[in-house]
Amino acid sequence: MAKAKEMTPEGNTVEHGGFDPLAADWRDRLSQSGTATIQVDAAPCQAQLTLRGDPADPAFAKAVEAQTGLLPPPVANTLTADEHCRLLWLGPDEWMLLAPPHQGALLLSGLTVAFAALSPATNAMVIDTSETRRALDVWGPDAVQLLERGCALDLHPRAFPIGRCAQGLLAGLPVLIAHLPRRNGANHPCLRIFARTSMVRHLAWWLVDALAEFRRPGK
Amino acid sequence: MERIPCPHCGPRPLAEFSYGGEVVPRPDPEPADDATWGAYLYVRSNPKGPQSERWVHIHGCRRWFTLTRDTATHRILDTPLRKEEA
Ligand SMILES: [Zn+2]
């Protein structure tokens, strides 16, 4: 199966489950909390597939590339991307595929069929985990300063340039943070923070609270 | 905060990790009697000095690995990446 080549933005609708913990009122609250130097918004909802396999096995890597157009990133805590999809490193044999919502089902069935056709010696697995995480975007010149208030990861662009991702703790929550070159079509880099769907409002509250400090006079 | 060197992610804060205790080889289940299982489950050497122990990068890559730590100084001596952990 060839990769679907539709030119669409990342998509803003929830196509899974129907419940969005960051629905309209939260999007307003987040955008109103922004400052001149930091903006926050709910990230577009995307299909999230978890892939597992041996990156050193050419059969696995080839199957992933044939279905998604992307190779699993060879370096820990990095991602590969094209204009449709992103493949984020989660572990030495585990990745998260981000795709536009309407491509999720197609990619899931394509990968399932492709992996089933591999020899039994090749370990490969794909599962739909779209509802596991919900993401927030933070961007602007002081975005890293804001996140530093609650995160021990070094997110300075010197250590965490575009194309890096990392899992760690932010505001006490386990999160996955990715440094993306653009968000939802707009051409500015952003830090996309994935948290568990059930906990993401805690993160949203924390961001709104932490932003207050940056709105003080003189800041 | 003390930092633990994850063999995949590099040095990360201790809060991202969980401790799995001293490395204790699992007995072969067939010949093992109750005393052997009891020792496997409950008996630890508790050394003062270097100890080989299991850690998991629970809030990071979620992989288990083994490191050697000096229990008196907390100094981490090495983190060999074993084949089954690669
Ligand atoms: Zn790790």
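Every heavy atom of this structure was used, including side-chain atoms; hydrogens, water molecules and symmetry mates were not. Chain naming here is simple, since letters A, B, ... match the order of the sequence lines and numbering starts at 1 in each.
Put simply, the side chain of A:Leu111 reaches to within 4.5 Å of the side chain of A:Thr68, judged on heavy atoms. Looking only at side-chain heavy atoms (C-beta outward), A:Leu79 and A:Leu98 stay at 4.5 Å or farther from each other. Inter-residue side-chain proximity for B:His8 and B:Phe65 is flagged as unmet; no heavy-atom pair is nearer than 4.5 Å.
Taking a cutoff of 4.0 Å between a charged side-chain nitrogen and a carboxylate oxygen, A:Glu94 and B:Arg63 qualify as a salt bridge.
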* Step by step, would you call B:Glu22 with B:Ser45 a side-chain hydrogen bond (donor to acceptor under 3.5 Å, both in side chains)? -> CA-CA 8 Å; B:Glu22 182 186 357; B:Ser45 56; 2.6 Å; yes

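At a heavy-atom separation below 4.5 angstrom, chain B is approached by A:Ala166, A:Gln167, A:Gly168, A:Leu169, A:Pro174 within residues 160-175 of chain A.
Applying the ring-ring contact (aromatic ring centres under 6.0 Å, His included) definition to pairs two or more places apart or across chains, those involving residues 106-151 of chain A are A:Phe60-A:Phe115, A:Trp139-A:His188.
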